[in-house]
Amino acid sequence: HGTAAKADAHLGDGANDAPAIRLADVGIALGERSTSAARVAADVVVTDERIETIADAIVEGRALWASVRDAVSILVGGNLGEIGFALAGGLLDGKPPLNPRQLLLVNVLTDVAPAMAVALRPTGESSLVALAREGPDASLGRLLDRDIASRAVVTAAGAGAAWLFARLSGDEERARTVGLVALVGTQLGQTLASGGVSAPVLTTSLASAAVLGAVVQTPGISQIFGCRPLGPLAWATAALASGAATGASVILPGVVEALGERLGVGAWLGAAASGAGPALSAPPSALPAAPTWDDRAAATTEPTGRSG
């Protein structure tokens, strides 16, 4: 029977399978034509009678944990970065770098549709091996803490650098607008880096960027949010800072992990908080093998213990 570290599943469709299905951590009845005893005892009933469906469900479940981690780190890390940027700018200039309406605009453009698109992105075939490492403990443990901290640092640094350069070379209103654009751009860049070429992620991120550009460059609307239309140099400053911060967000987690392993604290970076499941710092041979598309296509044999 399953232990705290491992879970077992039993698959069957006959009355003789019912006791094992009931005792398993995950009991599965295969097919609508399975006996009523098997269906009643099961936690899951696979209605299409295909074993490959179970593999698809496992892959999708593990992908969900990775997507949730990315979405949570985008939301929490981005908000912490906004707080850090506001505090640092206030200490340097004596005034907050963004006004309340600009902060609300940032949250609308970065926290709603883009983060939701990342959480609901489809699973890519190329990620099957990586998904073998995912799970509730590994995905939402210290790895999530690392991602949140990395995103917070690069978000605050990217927006802060653009705002500071604009403040030293221009007036307060221009610097505030450049800081706003860089802050949104930095977070959208990290969203694209996490979501990849997924159509929903790409569409929502580009739509948010277009709305930001329209708000900043449209006279009247720009003034309502305390902004001013920007010239080419100001846009280039915000874009450069956003791009650099996005690149840093991709590189920084790997650098931190490599540093941790070099200093002998790899367990801090990869081990699950509860000790369940394989640590992310374990060698690939110690990790559970991820199903490949060929394996699932070949999985057409009848389950052991199947009865008529």
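As the structure is a computational prediction, the values presented were derived from the model and not from experiment.
Although no hydrogens or angles enter the test, the distance criterion places no donor-acceptor pair under 3.5 Å between the side chain of Asp8 and the main chain of Ala24. Between the side chain of Ser208 and the main chain of Leu109, a donor-acceptor pair closer than 3.5 Å is present. Checking side-chain atoms of Arg176 against main-chain N and O of Cys227 turns up no donor-acceptor pair under 3.5 Å. In this structure, Gln223 contributes its side chain and Pro219 its backbone to no donor-acceptor pair below 3.5 Å. Proximity of a side-chain donor or acceptor of Ser150 to a complementary backbone N or O of Asp147 within less than 3.5 Å is not detected. With hydrogens and angles disregarded, a donor-acceptor distance shorter than 3.5 Å links the side chain of Ser222 to the backbone of Val216. Looking at Asn99, its side chain does come within 3.5 Å of a backbone N or O of Phe225 through a donor-acceptor pair. Between the side chain of Asp93 and the main chain of Gly90, no donor-acceptor pair closer than 3.5 Å is present.
Contact of the Ile28 side chain with the Asp43 side chain is not registered, since no non-hydrogen atoms from C-beta on lie closer than 4.5 Å. With a 4.5 Å cut-off on side-chain heavy atoms, Phe85 and Leu183 count as touching. Side-chain contact between Ile74 and Gln190 is absent, with no heavy atoms from C-beta onward closer than 4.5 Å. Side-chain contact between Val106 and Glu82 is present, with heavy atoms from C-beta onward closer than 4.5 Å. In this structure, the side chains of Leu252 and Arg151 stay at 4.5 Å or more apart for every pair of heavy atoms.
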Under the side-chain hydrogen bond (donor to acceptor under 3.5 Å, both in side chains) rule, what do Arg69 and Ser194 come out as? Steps first, then yes or no, please. CA-CA 10 Å; Arg69 184 187 69 239; Ser194 296; over 6 Å; no

Original post:
Yes or no on side-chain contact (heavy atoms from CB on, under 4.5 Å) for Leu180 and Leu212, after CA distance, side-chain angles and deciding distance?
Top reply: CA-CA 9 Å; Leu180 169 67; Leu212 174 66; 4.3 Å; yes

Please report the C-alpha distance between Thr35 and Asp13 in whole Å, then the side-chain angles of each, then the deciding distance to 0.1 Å, and finally whether the side-chain contact (heavy atoms from CB on, under 4.5 Å) criterion is met.
CA-CA 6 Å; Thr35 62; Asp13 65 353; over 6 Å; no

Please walk me through it: do Leu230 and Val178 pass side-chain contact (heavy atoms from CB on, under 4.5 Å)? CA-CA 8 Å; Leu230 299 177; Val178 172; 4.1 Å; yes

* Evaluate the criterion side-chain contact (heavy atoms from CB on, under 4.5 Å) for residue pair Leu192 and Val201; output intermediate values, then yes/no. => CA-CA 7 Å; Leu192 286 172; Val201 175; 4.2 Å; yes

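With values rounded to the nearest 0.5 angstrom, Leu105 atom CG is found 11.5 Å from Ile224 atom CD1. Within the model, atoms CZ of Arg146 and OG of Ser73 stand 10.0 Å from one another, a figure rounded to the nearest 0.5 Å. Rounded to the nearest 0.5 Å, atoms CG (Asn79) and CG (Asn107) are 5.5 Å apart.
The side chain to side chain donor-acceptor pair (under 3.5 Å) test applied to Gln102 returns no partner, not counting sequence neighbours. Gln217 is linked by a side chain to side chain donor-acceptor pair (under 3.5 Å) to Trp235, counting only residues two or more places apart in sequence or in another chain.
Electrostatic pairing of Arg228 and Asp171 counts as a salt bridge here, judged by a charged N lying under 4.0 Å from a carboxylate O.
Nearest approach of Ser249 to Val154, heavy atoms of both residues: CB-CG2, 3.8 Å. Between Arg50 and Leu30, the closest heavy-atom pair is N-CD1, 4.1 Å. For the residue pair Ala162 and Ala238, the shortest heavy atom distance occurs at CB-CA, 4.4 Å. Nearest heavy atoms, Gly158 versus Ala241: O-CB, 3.4 Å. For the pair Ala159 and Thr186, the tightest heavy-atom approach, listed with the atom from each and the gap, is N-OG1, 4.3 Å. Shortest non-hydrogen contact noted between Leu188 and Pro114 is CD2-CG, 4.0 Å.
Each of Leu164 and Leu240 belongs to its own hydrophobic cluster when Ile, Leu, Val, Met, Phe, Trp and Tyr are linked at side-chain heavy-atom distances under 4.5 angstrom. Hydrophobic cluster membership differs between Leu206 and Val108, with clusters built from Ile, Leu, Val, Met, Phe, Trp and Tyr side chains linked at under 4.5 angstrom. Cluster annotation: Phe165 is not connected to Val184 through the hydrophobic network of ILVMFWY side chains, with a link wherever side-chain heavy atoms come within less than 4.5 Å.
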